Each structure stands twice: as structure tokens, then as C-alpha cells.
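Remarks on the structure that follows.
Hydrogens, waters and symmetry mates are skipped; everything else that's a heavy atom, side chains included, is used. Just so it is clear, the structure is predicted and the values come from calculations on it, not from any experiment. Throughout, residue positions are numbered sequentially from 1 according to the sequence presented.
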Amino acid sequence: MKPSYGENVTTATDGHVAIVTIDRPPTNFVSVDLVRDLAEALEAADAADQVRAIVLQAEGKAFCAGADLARSDDRVAIGMEGVSALYQQAARLFAIETPIVAAVQGAAVGAGLGLAVCCDFRIAAPEARFAANFVKLGFHPGFALTHTLPRLIGEQRAHLMFLTGRRIKADEALAWGLVDQLVAAEDLRGAALALAREIAENAPLAVAATRKTSRAGLLEAARAQMAHEHEQQTILRATEDFAEGVRAVNERRAGNFTGR
């Protein structure tokens, strides 16, 4: 494994654990380049014989605050066959075969929530917040969240998150099963590493086979769902409500939506 991938991701190893760090602080906004760099780092860890588990962590205040809608190059870009370049790269994350433990220190919002949820486990600090805030933007959920989030926390709770855009605090996320463990911020990375080590100490072939069974069909479902999500996002992006939603979020106010 290389020590860095692009300008957005760094890596290290601790025994049989690869530590992959998103390094675009303070908010670690999602972009096509960031997800591509992350996919390359995770694929390298996946291919390394000595790596049996991965910790995914982030520098800065947020784990990943979603897309920076104030910058056009961070918006969802349409790529080949009508599927966004961002989602093409995101599909690579779902193809990783090594278990991933996410250390969530702050906000995981929008695509950042999607990134956290595509991992096997989430260890969070009390400061962590989780939101599928797409409707506040006049937008449709993405990053396969309409498949992965109900699968994780149940249809009703996912429906609540999708239709309200509400930020879920860490203790509530723990109660819902969105988070697997809640620890103090200063202990977060150590706790994530401890869980990854606990996984890595087991028979690697058995772990791989069990995970493959547990996640059977996830990659195909995520690809199909992202294609549908992208279609809906393309339609909604042309509306007045989406333009107003982006303005409202950037101006930190409620949107004045008209249904047009």
C-alpha cells in the first residue's frame, strides 16, 4: 500500500489492520476525486495479503459533511450511460471484500452518511451526527442510502430520516443500531482499531466467507439503487425547489419551497 492516494486519502498499517484516513479537513466534503482516491486506497488494502480488516477514519471536525454545493465541481457529475461519476466510484466501495470499521467523530451527512453506512461497523463519538438531509435541498437521497439505510435501521426509521432530514444524535443512533459503539472522542480511533483487531485475529478465510454470505447481493443492489437515485436526482435538480434548497442550506435557513 502507498502512504497516500491523491490529495484526499492517506494510509497506514497496524499489524493485520489497514488504517485509511480521509484527509480533506475540516469537513471532508465528498467529491468525485475524493471517492476515487478512497476507492483506490481501499482496493489496495483489499488486495494486500496481510490486511484482514480496515479502519476508515477522517481528519477534521466532520467525518464527511456530504457534497459542497457551493462548488460546482463537487456536485453530482453525469458520467457514462447516465450514471454519475460519483456513483461509479461509490460502487467500488461496495465491492470491497475486507471488513471495514468506520470511526465517526462528527457529522456524517448526505453522501457522508452513505459512506458511513456502506462500512460494516460504525464507532462514534458523542459529537457525531447523522443526517439524510436531501429533502432539505429539494433533492432525492443517493449513495444507495435508499437501500442500505432501511436494511440497517429498519424501514420506518429510515423513512423518518429521509422525509424529515432530521439530524440524529449519537446516542439515538446507537439505540437505533446505526452506531455499534459510542465512546469518548479521545478514545474513538483506539476503539475502532480494537474492533478491527478483534476481527483480524480470526481465521481470515472464515471471516471472508461469512461476510460474503451476510452481504450477498449488496453490490448489485447498490448499483441498481444508485442508478434509480441518479434518475430522480437528475429530474429534481432541474426544479426551482432544488435551487432554493441549495441557497437555503448555504445561507443556513429553512427553504421557501413552492413545489416547482
Side-chain angles (χ1 to χ4, degrees), residues 1 3-5 8-30 34 37-38 41-42 44-46 48 50-66 93 96 98-133 148-149 152-153 157 161 166-202 204 207 210-211 214-215:
M1 293 177 62
S4 63
Y5 291 79
N8 301 294
V9 177
T10 62
T11 64
T13 56
D14 184 301
H16 290 299
V17 177
I19 301 169
V20 177
T21 305
I22 301 170
D23 193 9
R24 199 184 183 195
T27 51
N28 298 303
F29 282 128
V30 156
L34 184 146
D37 293 345
L38 182 58
L42 292 174
D46 209 28
Q50 77 275 18
V51 172
R52 300 180 182 178
I54 300 168
V55 169
L56 176 61
Q57 60 189 25
E59 297 291 350
K61 182 178 180 180
F63 174 75
C64 177
L93 307 183
I96 300 300
T98 305
I100 305 173
V101 180
V104 183
Q105 81 279 23
V109 177
L113 175 64
L115 177 58
V117 169
C118 82
C119 298
D120 297 81
F121 304 100
R122 285 147 297 281
I123 311 296
E127 296 80 5
R129 297 291 184 271
F130 302 86
N133 68 333
T148 57
L149 192 60
L152 181 63
I153 64 174
R157 284 169 172 164
M161 291 185 71
R166 181 187 301 175
R167 286 201 169 206
I168 304 301
K169 295 181 179 180
D171 55 349
E172 189 170 19
L174 178 66
W176 285 10
L178 180 53
V179 164
D180 299 287
Q181 187 179 350
L182 190 60
V183 300
E186 60 268 23
D187 300 323
L188 178 63
R189 292 188 173 186
L193 182 58
L195 177 54
R197 286 171 174 165
E198 187 178 355
I199 295 167
E201 72 183 12
N202 295 306
V207 168
T210 302
R211 184 180 187 269
S214 296
R215 291 167 68 97

Practice problem: Evaluate the side-chain contact (heavy atoms from CB on, under 4.5 Å) criterion for residues C64 and V30: first the C-alpha distance (whole Å), next the side-chain angles of each, then the deciding distance (0.1 Å), finally the verdict. | Solution: CA-CA 7 Å; C64 177; V30 156; 3.2 Å; yes
Quiz item: Charged N to carboxylate O under 4.0 angstrom, R52 versus E198?
Solution: no
Practice problem: State which residues pass side chain to side chain donor-acceptor pair (under 3.5 Å) with R197; sequence neighbours excluded, sorted by chain then number. | Solution: D14
Quiz item: In Å and rounded to the nearest 0.5 Å, what is the CD to CD1 distance from Q57 to I22?
Solution: 9.5 Å
Quiz prompt | Value rounded to 0.5 Å, distance of CG in D23 from CG in L34 | solution = 9.5 Å
Exercise. Find the distance between CG (N28) and OG1 (T21) and round it off to the nearest 0.5 Å.
Key: 10.0 Å
Self-check item: Audit row: M161, I153, side-chain contact (heavy atoms from CB on, under 4.5 Å) steps and yes/no
Solution: CA-CA 10 Å; M161 291 185 71; I153 64 174; 3.8 Å; yes
Self-check item: Closest non-hydrogen atom pair between V104 and A128, with its separation
Solution: O-CB, 3.7 Å
Practice problem: Without swapping roles, check the side chain of Q105 against the backbone of A58 for a donor-acceptor pair under 3.5 Å. | Solution: yes
Quiz item: Got a sec, which residues hit side-chain contact (heavy atoms from CB on, under 4.5 Å) with A194, two or more places apart in sequence or on another chain?
Solution: none
Quiz item: Between A185 and A125, what is the shortest heavy-atom contact and its length?
Solution: CA-CB, 3.8 Å
Could you tabulate the donor-acceptor pairs under 3.5 Å formed by side-chain atoms of residues 109-117, not counting sequence neighbours?
none

Self-check item: Over all atoms of both residues, closest heavy-atom pair of A41 and V20
Solution: CB-CG1, 4.1 Å
Quiz item: Taking all atoms of both residues into account, what is the closest heavy-atom pair of I123 and A191, and its distance?
Solution: CG2-CB, 4.0 Å
Exercise. Provide the closest heavy-atom pair for I54 versus A45 in the form atom of the first, atom of the second, distance.
Key: CD1-CB, 3.8 Å
Self-check item: Partners passing side chain to side chain donor-acceptor pair (under 3.5 Å) against N8 (at least two apart in sequence or in another chain)
Solution: D37
Quiz item: Going by heavy atoms in the side chains, are P99 and V207 under 4.5 Å from each other?
Solution: yes
Quiz item: What pairs with A62 under side-chain contact (heavy atoms from CB on, under 4.5 Å), at least two apart in sequence or on another chain?
Solution: A65, A107
Quiz item: Taking atom types as modelled and ignoring hydrogens, do the side chains of D46 and T98 form a donor-acceptor contact shorter than 3.5 angstrom?
Solution: yes
Practice problem: Specify the closest pair of heavy atoms between I199 and F121, including all atoms of both residues, with the distance to one decimal. | Solution: CD1-CE1, 3.8 Å
Self-check item: Distance (rounded to the nearest 0.5 Å) between I100 CD1 and L56 CG
Solution: 7.0 Å
Practice problem: Report yes or no: does R189 contribute a side-chain atom to a donor-acceptor pair with the main-chain N or O of E186 at less than 3.5 Å? | Solution: no
Exercise. Begin from the C-alpha positions of V17 and V55 and carry the test side-chain contact (heavy atoms from CB on, under 4.5 Å) through to its verdict.
Key: CA-CA 7 Å; V17 177; V55 169; 4.0 Å; yes
Quiz item: Are any side-chain N or O atoms of R24 and backbone N or O atoms of F29, one a donor and one an acceptor, separated by less than 3.5 Å?
Solution: yes
Quiz item: Can you check whether Q50's main-chain N or O pairs, donor with acceptor, with H16's side chain at less than 3.5 Å?
Solution: yes
Exercise. Start with the C-alpha gap between V101 and D120, add the side-chain angles, then the distance that decides, and say whether side-chain contact (heavy atoms from CB on, under 4.5 Å) holds.
Key: CA-CA 6 Å; V101 180; D120 297 81; over 6 Å; no
Considering only distance and modelled atom types, tabulate donor-acceptor pairs under 3.5 Å from the side chains of residues 170-181, sequence neighbours left out.
{"unit_1": "D180", "atom_1": "OD2", "unit_2": "R122", "atom_2": "N", "d": "2.9"}

Practice problem: Quick one: pull up CG in L38 and OH in Y5 and give me the separation to the nearest 0.5 Å. | Solution: 11.0 Å
